Amino acid sequence: MFFSTLVIGLVLGGTYALIALGLTIQYGIARIMNLAYGEITIAGAFFVFLLVSSMGLSPLLGLVLVVPLGFALSWLLYGIVFHPLVKRASHAGQLEIDSILVTFGLMFLAQGLFTMFFGSEFAGYSWLQTPVNLLGAKIAAGRVLGLLIAVLIGGGLWLAMQRTRWGVNLRAVANHPEFAPLVGINRNSAARVAFGLGGAIAAAGGAVMSMYQPFTAVDGGFLTMKALVIVIMGGVGNLGGALMAGLMIGVVEAYVSYAIDPGLTLAATYTIFLGVLLWRPKGLFA
Amino acid sequence: MLKVVNLTKRFGGLVAVNGVDFDVEQGEVVGLLGPNGSGKSTVMNLISGALPRTLGEIDFDGQRIDGKPPHRIAKLGLSRTFQLVRLTPSLKIRDNVILPLAFGAFPVFGSEAVKRADAALEQVGLAGRGDGPVQDLNYIDQKRLELARAIVTNPKMLLLDEWMAGLNPTELRTAMDLIAGLRDSGMTILLVEHIMEAVRALCPRCIVMSAGTKIADGPTETVLADADVIEAYLGKAHV
Amino acid sequence: MDFKRRGLLAVTAACALALTSVAGMAMAQDRTSVRIGYAVSKTGVNAAGANTTTIPNYELWAKDVEAADGLTLPDGSKLPLEIIAYDDRSATEDLVRSVERLARQDEVDFILAPWGTGFNLAVAPLFARFGYPQLAGTSVVPNIDGLSDRWPNSFWLLGSSEAYAHALVDVLQPAVNSGELNGKVAMISIADGFGIELSAGARDAFEEAGFDLVMDKTYPLGTQDFATLLQEAEASGADIFVAYSYPGDTFAITAQSKLSSYNPKVFHPGVGTNFPIYAPMNDGNVEGVMSLGGIDANSQAIQDYRARHVALLEKEPDSWASPVIYASLQMLQQAIGRKGLDREAVSEELASGTFDTILGSISLEENQLKDMWYIGQWQDGLFVGISPTDKPGAADATIPKPDWN
Amino acid sequence: MFEAKNISVRYGKHLALDNVSLSVGEGECVVILGANGAGKSSLLRGITALSPRAPGGSVHYCGQDISDVPAFGIVELGIAHVPEGRGVFTKMSVEDNLRLGGNPVRARGSLNERRDEVLEMFPKLAERRRQIVGTMSGGEQQMVAIARALMSQPDLLLLDEPSLGLAPIVVGEMFETLKRVRDTGMSILIVEQNVHASLNLAARGYVIEAGRIVGEGDANTLMNDPVISEAFLGH
Amino acid sequence: MKTFGILTFLVLAVGMAVLPLGIGDYGHGVLVGMMSYIVLASAWALFSGPTRYVSLATVAFFGIGAYTVAVLADHLPFGAILVVAGSIGLCVALLVGLATLRLAGIYFVIFSFGLAELVRQLITWFETSVNHTLGRYIFIEVSTAQIYWMLLGLGIITLGLRWWIGNSRLGLAVNAIGDDETVARHAGVNVTGVKLALFAVSSVLITLAGAIQAPRWTYVEPSIVFNPTISFMTLVMALLGGPGRLWGPVAGAVPLYFLFEWIATRFPDQNAIILGLVFVAIVFLVPGGLLSLIDKWRARARAAGEQAHA
């Protein structure tokens with residue numbers, strides 16, 4: 001039971017981590033608090049759902065296609081909506097309030113559009129439901145694949161951030177945006193790229209989620225909240241932190257559900273989250 | 001009035017203030033000098049309670065104040081200005097000055113506070129401007145307002161952190177007269193200052209810091225002639 | 001001070017303007033139509049449920065009435081329907097206000113019930129006060145003393161928690177007695193009104209029947225993973241697994257059970273099992289799964305109803321609340337046909353009359369529909385009613401459920 | 001090679017820099033002296049567009065008007081700025097910081113050789129390439145900042161109080177390093193309070209007070225100029 | 001000027017008090033909703049306006065109020081329940097405030113968002129696991145008009161408090177805190193104490209707003225009363241009007257409330273889409289709040305006047 005609970009927790013945490021990665025990039029680098037983040041995830045899920053259910057294509061193909069789409073959508077969004085706000089903000093607090101309000105509006109907008117196009121029933125398809133046995137826990141192959149994709153994207157991203165010029169530049173912007181021009185980085189376009197990248201990951205997360213779990217047009221808010229919790233716990237802009245915190249939340253939920261009371265899993269998540277905020281507001285892995 | 005013993009402040013691994021001791025007597029005006037980064041402002045922040053000390057003891061007017069929050073220290077009669085001017089732009093000019101009156105040891109509010117605030121504004125050369133917004137003030141006037149805010153409560157002691165920086169020679173003249181007036185009224189003053197002309201004119205005694213430690217303490221002329229001080233300021237060749 | 005005054009004036013003006021716009025509208029016109037209003041959760045957390053059961057049937061019924069050239073009144077004349085629909089955004093305050101608006105502003109002739117147990121309860125006093133009959137088809141009977149005295153115009157059509165529990169026990173009892181089932185039950189339920197209510201009923205019924213409740217846990221809304229809970233259920237050694245769950249959870253519970261080859265002899269997840277999407281979600285591999293609801297698959301009326309539903313809405317109705325809601329609308333239609341637009345008389349007729357609906361000929365007892373399918377089971381691709389076992393058309397329960405393949 | 005004409009910088013109502021003009025010749029090292037708050041940092045920030053310049057005034061570099069080049073484009077032209085407070089990326093390693101310095105296209109071709117050269121100049125950094133900059137001492141961070149600026153292969157280096165907050169012995173070391181940089185023929189514009197060391201380094205200097213240039217001259221003249229002692233010690 | 005202000009206020013209050021007499025049930029419902037948001041937005045601005053702490057905990061306290069009524073409905077008279085609800089709100093506010101008011105900026109925002117969720121989860125768990133109930137019935141005979149009058153009273157108290165604070169030394173302190181906490185501290189202001197006091201007062205008012213309205217819903221569940229949309233609505237209304245001004249939140253709440261009501265009845269199917277667009281539009285079109293527009297017009301008028309003179 002001990003190991004299988006751990007495995008269950010890790011698999012669960014894998015998706016959390018993947019979704020949180022994009023948000024930590026958006027908030028850490030582009031400095032936009034995006035409350036409509038979960039809606040991008042749901043958009044990705046709907047996109048793949050559409051490909052699979054009406055065209056009979058493979059979800060994996062959907063995943064490949066959804067990444068550039070998620071990037072483009074978020075990149076445009078930054079240019080149209082957030083860049084003007086960044087430009088006009090007199091101080092960081094103003095931008096934060098503005099982006100909270102705007103993205104809350106976008107959240108409504110997106111949910112309304114999803115409902116209009118897809119209805120508000122559950123959407124989902126069955127794929128890779130064969131069980132895989134991991135340390136005594138039987139997990140859907142789709143879920144395991146989801147974990148692998150999460151690790152792959154997370155790891156790939158981490159490597160890119162460490163090794164490529166592009167990644168190092170983004171990290172520099174996350175670290176001290178005000179110094180970025182000193183090394184020839186255009187802060188605005190870096191922020192835009194980061195926002196797009198976050199959106200690409202969000203959409204990928206949605207594609208992965210759709211592979212093993214039905215969803216509805218209004219599930220985005222819940223995902224945003226989960227991702228926010230993880231981002232804060234991992235430290236804003238800290239990719240490794242988001243990965244670790246995501247897995248941790250998954251494991252904690254599994255153990256609380258198993259050993260204490262399933263009714264307290266979410267309460268435990270929030271308690272840990274609030275505890276981290278009070279004890280180490282800069283994140284567990286700062 | 002003020003007694004500082006073995007005052008030490010570490011930021012992470014960096015020791016910003018390292019075992020500093022000094023006293024300031026009632027009615028004294030003391031200059032706290034040193035090159036940039038030598039820890040002067042940190043000492044001011046430790047005294048006013050803006051930063052918690054790592055080690056050491058600070059006594060003010062017979063009470064231990066290290067560990068006390070700044071609002072309690074302020075109520076004991078210790079005011080300060082800040083290195084970079086800090087005002088509260090949501091409040092109009094007069095209200096900036098009324099604020100410390102309303103929350104002083106003997107709170108004053110209402111018409112009495114208005115009267116005293118206007119007197120303080122007049123004293124610093126901002127007579128009749130109490131109703132305007134802070135945004136209308138230029139740099140020197142902002143500094144004036146900050147001083148008015150610091151002195152309106154008739155504090156026992158005043159900490160001035162580079163209050164005269166950035167003033168042109170005429171403004172400096174006025175500023176020095178202002179401080180001299182406060183000194184003559186018996187206020188104890190500790191000032192961090194780079195403008196030597198002002199230091200020489202106002203402070204009979206100086207304390208010099210370098211790299212977090214006190215390197216000199218004594219009559220201003222003696223201290224400024226001290227080889228260590230000259231080296232700290234100008235480099236080796238001037239010795 | 002000046003800006004304050006201006007602010008005040010601006011606010012006063014805004015208030016006045018807004019109120020006049022709200023107050024003076026809509027007066028009764030010549031009777032050219034029957035105005036039917038409803039407020040349901042078109043958006044928000046309840047939208048998934050409302051869009052699966054309530055809204056499609058309201059639309060289908062309106063369509064069917066239109067096809068019949070309108071509602072027939074006692075004098076044989078026909079009047080077309082005029083539908084006014086609001087979105088309560090899944091918030092009770094909005095729902096309450098919408099119903100007030102329908103009753104007092106739009107002055108509709110009848111108001112259809114909102115979606116969900118809590119929401120139907122929230123507006124029951126309003127329906128009662130304004131004198132509208134309330135046909136609650138998506139609400140299990142509330143556990144309130146003197147229900148029909150309190151709200152005489154409210155009709156609860158989805159059964160009571162005790163009824164579900166006893167119906168389940170009735171199906172299982174013979175198998176337990178024969179030793180086919182070991183009588184141990186593992187139960188999980190969602191932590192909201194629905195889960196609490198049904199699990200409380202089940203708890204009593206199981207105890208009364210001498211079943212052994214070896215696992216009894218609740219989980220919160222928003223739970224994503226049921227692996228640990230199912231692991232525990234399997235470890236408990238229970239032959240009977242019961243979940244009072246919501247659709248998303250139901251899908252996840254089913255998927256996880258298959259994965260971990262958890263094969264209890266009785267597998268009974270909650271709402272969602274009765275959804276048409278349940279079978280394709282599980283590649284059709286749902287034989288023997290029990291849950292709430294069910295239909296009489298041999299009934300021609302039900303088959304026609306399903307065909308019309310698919311034709312209009314391009315999807316099948318669910319096999320629990322959908323036919324009940326449609327039947328409730330047929331009841332309303334027939335009551336109007338007998339008593340006209342007098343709401344008081346219609347309410348009385350609903351309480352005492354007998355109606356011919358897709359569920360067969362039905363009549364209410366103590367403002368409740370009691371003759372209905374409480375427990376159903378997937379058999380040959382249909383979710384058929386198996387309990388009450390003595391109800392005509394009841395299929396025989398398959399126990400044990402065949403293993404997942 | 002570099003010339004700023006009548007530039008001003010304003011923060012809100014405060015005029016921090018008032019119509020200042022100055023020039024730096026090819027391979028020349030120029031120092032700007034002045035007390036705290038005199039506007040020295042604003043001058044450098046105005047030049048590299050880190051702080052917006054008030055309208056009017058212009059900046060020319062290598063015969064080109066660069067007044068409209070945004071802050072991030074300046075380093076690409078060959079002007080590297082080491083700001084007050086160093087401007088290093090504290091959560092990143094020495095290696096990463098150097099790499100960032102090599103961002104401009106002009107420096108990319110010979111990145112590795114460049115890095116070896118720079119590390120040769122700062123042997124201490126070579127030993128600690130993997131260290132996170134935020135964990136290093138002030139002097140070391142200053143070295144990182146200068147090394148990073150050199151990575152961009154600048155023709156003009158702007159240094160803002162590199163001796164700020166450093167222990168005297170470290171200050172000495174740093175000025176030695178700067179001398180070597182100067183001797184490579186790079187133009188340097190340095191803002192300093194350390195009068196002696198900086199005048200030793202520079203050929204020429206400006207004295208700035210309350211946002212205006214009040215004196216100018218070659219280093220030897222300034223060294224003995226009473227204006228300087230006046231500004232710093234009130235002698 | 002002051003007496004004029006007070007007089008207008010009184011006239012307005014009396015006018016608002018007699019409003020329900022002329023209109024029917026739906027009008028009462030609309031008035032309740034409007035007054036509720038006037039109270040919520042004003043109470044929110046009481047703390048968040050000057051301190052600039054963006055709180056999303058509104059619904060946490062609103063829900064606590066409503067839920068307290070649901071728990072005690074059968075045991076105490078309504079008045080006593082309101083007292084208990086207010087006290088619970090106060091205790092929670094003090095506890096939360098002591099722990100969190102040192103969090104700055106976005107961390108406070110997210111904390112306050114999480115708080116509502118945590119409270120909801122804990123109540124749910126307690127009710128289901130310990131009490132084995134969840135939904136609670138509220139059978140208290142209070143008419144909609146009565147609820148409106150109670151809310152109106154609460155609104156008058158809220159605005160009165162805001163006016164009093166604005167004219168007392170506390171007002172100086174909170175504005176100074178919003179600008180620069182260090183300056184406020186050095187001026188002798190007990191910053192933590194002031195922030196805590198404001199947070200507590202604001203939270204109690206919000207709790208009462210929830211408690212007063214609860215009888216309207218008959219049936220209460222955590223998921224019903226802890227609806228995060230309420231927090232965002234409150235926030236956007238206060239910001240639209242301008243949280244720093246006495247009448248700002250009211251000026252934001254009234255038009256927005258009616259706008260949303262109008263959208264909900266006219267476009268029930270595009271409701272969410274339009275609502276979302278309105279949020280976005282507000283941020284872009286009225287960044288400083290509606291009442292700041294008045295300042296702008298006045299400044300423009302003054303400039304024009306000066307030009308005319310010259």
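In the text below, chain A, chain B and the rest are named by the order of the sequence lines, each starting its count at 1. Note that the structure is a prediction, hence the values are computed from the model and not measured.
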Interchain contact, Thr229(E) with chain C, by part (heavy-atom threshold 4.5 Å): neither
Highest number of heavy-atom pairs under 4.5 Å with chain C: which of Thr265(E), Ile224(E), Val225(E), Val220(E)? Thr265(E)
Rounded to the nearest 0.5 angstrom, the CD1-CG distance for Ile123(E) and Leu118(E) is 10.0 Å
What option among Thr218(C), Thr117(C), Leu126(C), Asp88(C) has the most heavy-atom pairs under 4.5 Å with chain E? Thr218(C)
Out of Tyr257(E), Trp125(E), Phe139(E), which one racks up the most heavy-atom pairs below 4.5 Å with chain C? Phe139(E)
Should Arg101(C) and Glu261(E) be marked as a salt bridge (charged side-chain N to carboxylate O under 4.0 Å, His left out) after you check the CA-CA gap, both sets of side-chain angles, and the distance that decides it? CA-CA 11 Å; Arg101(C) 185 183 171 95; Glu261(E) 185 66 14; 5.0 Å; no
Relative to chain C, which segment of Gln213(E) carries a heavy atom at a distance below 4.5 Å: side chain, backbone, both, or neither? side chain
Scanning both residues in full, the closest heavy-atom pair of Pro114(C) with Val123(C) reads CG-CG2, 3.8 Å
Can Glu221(E) and Tyr219(E) be counted as having a side-chain donor-acceptor contact under 3.5 angstrom? yes
Distance check, rounded to the nearest 0.5 Å: Ser139(C) atom OG versus Glu197(C) atom CD? 9.0 Å
To the nearest 0.5 Å, atom CE of Met150(E) lies from atom CD of Gln146(E) at 6.5 Å
State the CH2-OH distance between Trp115(C) and Tyr58(C), to the nearest 0.5 angstrom. 12.0 Å
Phe279(E) ring center within less than 6.0 Å of Phe232(E) ring center: no
Quick check: under 4.5 Å, non-hydrogen atoms only, which of residues 91-99 of chain C neighbour chain E? Ala91(C), Thr92(C), Glu93(C), Val96(C), Arg97(C)
Pick whichever of Phe267(E), Phe260(E), Trp217(E) has the most heavy-atom pairs under 4.5 Å with chain C. Trp217(E)
I'd like to know which of Thr218(E), Ile138(E), Ile230(E) tops the heavy-atom pair count under 4.5 Å against chain C. Thr218(E)
Do the two ring centres, one from Trp247(E) and one from Phe9(E), sit under 6.0 Å apart? yes
Rounded at 0.5 Å granularity, tell me how far CD1 in Ile206(E) sits from OG1 in Thr58(E). 4.5 Å
For the interface with chain E, which of Ala124(C), Ser199(C), Ser90(C), Ala122(C) has the highest count of heavy-atom pairs at distances below 4.5 Å? Ala122(C)
Segment of Leu121(C) engaging chain E (4.5 angstrom heavy-atom cut-off): both
